[in-house]
Engineer: 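Sending over a structure as structure tokens; questions will come in a sec.
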Protein chains: 2
Amino acid sequence: MASIKDVAALAGVSVATVSRVLNAHQGVRPGTRTKVLHAVSELGYRPNGVARSLRTHQTRTLGLVIGDVLNPFFTELARSVEDAARSRGYSVIIGNADEQPALQDHHVRTLLDRRIDGLLVSPTDGDVGALRDAVETGIPVVFVDRWLHGVDVPVIRADGRRAVHQLVAHLHALGHRRLAIITGPAATSTSTERVGAFREALRALGLALPAEYVAQGDFQTASGRRAAAAFLDLPEPPEVVFATDNLMALGVMEELRARGLRVPRDMALAAFDDIPWFLHTDPPLTAIAQPTADLGHSAVQVLTDLAEGRGAGSVTLSARLTARRSCGEDEGSRR
Amino acid sequence: MASIKDVAALAGVSVATVSRVLNAHQGVRPGTRTKVLHAVSELGYRPNGVARSLRTHQTRTLGLVIGDVLNPFFTELARSVEDAARSRGYSVIIGNADEQPALQDHHVRTLLDRRIDGLLVSPTDGDVGALRDAVETGIPVVFVDRWLHGVDVPVIRADGRRAVHQLVAHLHALGHRRLAIITGPAATSTSTERVGAFREALRALGLALPAEYVAQGDFQTASGRRAAAAFLDLPEPPEVVFATDNLMALGVMEELRARGLRVPRDMALAAFDDIPWFLHTDPPLTAIAQPTADLGHSAVQVLTDLAEGRGAGSVTLSARLTARRSCGEDEGSRR
DNA sequence: TAAGGCGATGTAATCGTTTCCACGCGTCGC
DNA sequence: GCGACGCGTGGAAACGATTACATCGCCTTA
């Protein structure tokens with residue numbers, strides 16, 4: 001593959017000059033400029049990004065480490081992050097932690113080794129070895145969706161508390177009294193927030209949240225299914241289950257279907273994170289929607305501001321409830 | 001951030017020695033080795049991947065350019081590719097072409113500039129500027145799922161023809177006679193194959209495929225919805241629609257729902273690409289499933305073989321039909 | 001005892017850029 | 001007429017690693 005030297009030789013100038021025209025420095029005579037440009041296209045020359053990065057100490061690359069690529073929420077987040085990054089001239093390397101701290105560590109480490117310009121992460125758990133190192137090396141880090149206590153970096157997230165309160169009120173209005181919840185990993189901030197809000201809302205309505213109505217999941221499908229099974233095997237199963245993410249809701253549906261039970265007749269269901277499929281499930285699922293694309297855009301905004309030496313702080317957006325039929329019949333929406 | 005020189009200085013050895021212990025070359029005295037290792041952990045030193053890549057001419061990175069990240073099929077593919085790559089010590093940079101040739105070009109170009117070791121692509125269309133350049137530079141390229149005529153690289157794909165024939169037979173057996181299809185972009189190999197097989201299968205059964213029963217889509221949701229609308233507005237709408245990917249099937253469902261129509265009563269529906277949600281849609285969707293994970297693994301296998309100088313060729317797996325209720329009631333599966 | 005060989009280590013070239021500095025030359029002001 | 005200046009360009013030093021080659025003891029062996 002042609003190098004800058006070949007271009008210089010062909011154009012009959014020095015490599016410095018070639019570099020100057022390629023980087024749009026002023027002070028190159030038009031004639032020289034066209035000579036160089038000709039040589040460039042003649043050879044099909046493309047600058048070696050690796051060498052350039054070594055010299056300039058920047059890779060124009062952002063890292064994004066997410067909980068689970070198979071989760072449509074994260075997929076959409078990744079997509080919006082990539083869009084925003086590209087429009088600012090950055091590429092994105094996505095690391096899929098699969099909700100495992102060890103994998104998350106691996107990705108953070110690898111990304112750091114690649115000398116990315118900034119790191120966006122939706123941290124999976126409390127184990128922060130590599131993450132803390134990252135922050136300490138001084139590389140810009142921004143949390144998106146989830147965050148970690150004690151790690152002082154900007155956080156871009158949606159506050160779901162109000163929406164959870166609305167959801168609980170909605171369920172109560174439909175006559176439900178025995179409400180259960182499936183949480184994410186204990187250490188994730190989103191799980192803590194959602195459970196906390198749920199608990200508060202119940203208390204405000206004078207409802208109990210017995211321990212057996214709180215199932216610990218891991219934000220993945222299988223754990224939702226296990227939790228549903230456990231609920232169903234209870235002497236007095238809950239009337240509604242609130243899954244704190246969409247994949248666990250899928251798991252619940254799988255278990256119900258396997259047992260020949262129906263939503264909401266046998267058990268009502270609501271989820272955090274709205275996704276296009278929820279409109280077409282049987283029945284359509286009530287869910288709390290996050291402004292996912294905005295989350296991604298803001299995150300990139302803040303991260304690139306940091307990477308380019310501008311200051312930047314946290315951003316909090318808000319989530320909103322979308323009621324459908326999975327929790328029972330509302331007003332006139334029956335069919 | 002500490003460099004190899006700092007380590008050498010602290011350990012009191014030369015950089016060459018440090019490099020040797022880090023790369024597990026033999027012929028370093030155990031004492032020296034531990035001195036170096038101590039210095040490394042003392043400084044928290046991590047080798048600079050950029051510098052290393054420049055020197056060794058390899059980045060241990062693979063590029064993956066896919067049609068659409070939001071498409072669960074590609075998401076799953078990406079996930080399996082990443083898994084396979086990681087287990088071989090490679091990272092993956094995903095480029096989302098969003099089904100636009102220009103974006104695909106952009107990503108291929110960017111990846112090449114980063115000097116990735118190999119490129120995996122599910123080409124979006126016939127415009128192959130950057131792609132052809134890539135092949136010409138000699139970098140290993142492998143097509144996965146879709147391929148391009150006239151570009152001579154290994155192709156890893158699932159042959160869906162037999163499954164399409166089975167699907168048509170299934171539809172025929174259920175009594176359907178007016179079958180329609182929504183294709184992908186004309187230039188994509190998968191679309192061509194699926195339409196071709198569909199057409200053949202119809203002919204074999206003596207059924208016609210009128211031009212108005214062939215809608216051109218682009219593998220994305222909105223186009224499925226438009227196609228469904230056009231079908232429904234026909235004087236004699238089809239009885240069944242076969243969407244050649246899952247997102248277009250979603251679009252069809254959206255349109256039907258918007259018009260208050262039901263599957264399969266008002267219009268039956270089948271899709272290419274099975275995804276977990278299809279089990280829970282209303283009704284569960286009949287679909288043709290690809291061995292997605294195997295596709296990803298094989299692709300990485302072949303690509304890394306190429307990148308590491310071993311020869312490798314194309315792989316063809318096969319897709320299979322999963323009949324559910326969206327095309328009408330079968331034997332005893334009603335509920 | 002000296003030559004040869006081998007094992008451990010250091011020196012320095014190299015990868016492909018960017019960029020600082022120096023240089024030559026025409027122009028301007030005095 | 002001469003120094004200062006600016007402009008366009010080239011030379012060469014980085015960036016941080018890997019690795020071919022040189023070096024230096026020390027051990028073996030004749």
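Numbers restart at 1 for each chain; the letters A, B, ... are given by sequence-line order, proteins then strands. What you see is a predicted model; the values in this text were computed from it and never measured.
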Engineer: If we ignore angles and hydrogens, is there a donor and acceptor under 3.5 Å between the side chains of B:R157 and B:Q290?
Structural biologist: no

Engineer: Pick base, sugar-phosphate or nothing for B:R29, based on heavy-atom distances below 4.0 Å to the nucleic acid.
Structural biologist: sugar-phosphate

Engineer: Of A:A2 and B:V28, whose nearest nucleotide on DNA chain C comes first from the 5' end?
Structural biologist: B:V28

Engineer: Could you state the NZ-P distance from B:K35 to C:dA8, rounded to the nearest angstrom?
Structural biologist: 14 Å

Engineer: Rounded to whole angstroms, how far apart are NE2 on A:H25 and C1' on D:dC7?
Structural biologist: 16 Å

Engineer: Any idea which of D:dA17, C:dG10, C:dC20 is nearest the B:R55 side chain?
Structural biologist: D:dA17

Engineer: Using a cut-off of 4.0 Å on non-hydrogen atoms, how would the nucleic acid contact of B:S19 be classed: base, sugar-phosphate, or nothing?
Structural biologist: base

Engineer: Report yes if at least one side-chain N or O of B:N23 is closer than 4.0 Å to OP1 or OP2 of D:dT18; otherwise report no.
Structural biologist: yes

Engineer: Taking the basic N atoms (NZ, or NE/NH1/NH2) and the acidic carboxylate oxygens, is any pair closer than 4.0 Å for A:E82 and A:R86?
Structural biologist: yes

Engineer: Can you tell me how far C1' of C:dT19 sits from CG of A:L54, to the nearest Å?
Structural biologist: 14 Å

Engineer: C:dG10, D:dT19, D:dG10: which one has an atom nearest the side-chain heavy atoms of A:V13?
Structural biologist: D:dG10

Engineer: Under the criterion side-chain hydrogen bond (donor to acceptor under 3.5 Å, both in side chains), which of A:N71, A:T190, A:T188 is the partner of A:D245?
Structural biologist: A:N71

Engineer: Let's see if you can work this out: which of D:dG11, D:dT18, C:dC15 has an atom nearest to the side-chain heavy atoms of B:H57?
Structural biologist: C:dC15

Engineer: Looking at A:R109 and A:D113, does any basic side-chain N land under 4.0 Å from a carboxylate oxygen?
Structural biologist: no

Engineer: Quick one: on DNA chain D, does A:G12 or B:R20 contact a more 5' nucleotide (nearest heavy atom)?
Structural biologist: A:G12

Engineer: May I have the distance from B:R33 (atom CZ) to C:dT9 (atom P), rounded to whole angstrom?
Structural biologist: 11 Å

Engineer: On DNA chain D, check which nucleotide each of B:T17 and B:V50 is closest to and give me the residue with the more 5' one.
Structural biologist: B:V50

Engineer: Just call it for A:S53: base, sugar-phosphate, or nothing, with non-hydrogen atoms closer than 4.0 Å on any strand.
Structural biologist: nothing

Engineer: Starting at the 5' end of DNA chain C and moving along, which residue's nearest nucleotide shows up first, B:P30 or A:A16?
Structural biologist: B:P30

Engineer: Can you tell me the distance, in whole Å, between the CG atom of B:L22 and the C1' atom of D:dG16?
Structural biologist: 12 Å

Engineer: Think A:S3 has a side-chain N or O under 4.0 angstrom from the OP1 or OP2 of C:dG16?
Structural biologist: no

Engineer: Counting just side-chain N and O atoms, does A:T56 come under 4.0 Å of either OP1 or OP2 of C:dT17?
Structural biologist: no

Engineer: Could you tell me how far apart A:K5 (NZ) and D:dG10 (C1') are, to the nearest whole angstrom?
Structural biologist: 15 Å

Engineer: Quick one about B:S91 and A:R114 (side-chain donor to acceptor, distance below 3.5 Å, no hydrogens or angles considered), yes or no?
Structural biologist: yes

Engineer: Starting from P on C:dT17, measure out to CZ on A:R60 and report it in whole angstrom.
Structural biologist: 18 Å

Engineer: Looking at B:D117 and B:R60, what are the two nearest heavy atoms and their distance?
Structural biologist: OD2-N, 2.7 Å

Engineer: Round to a whole Å and report the spacing from CG of A:N48 to P of C:dC15.
Structural biologist: 12 Å

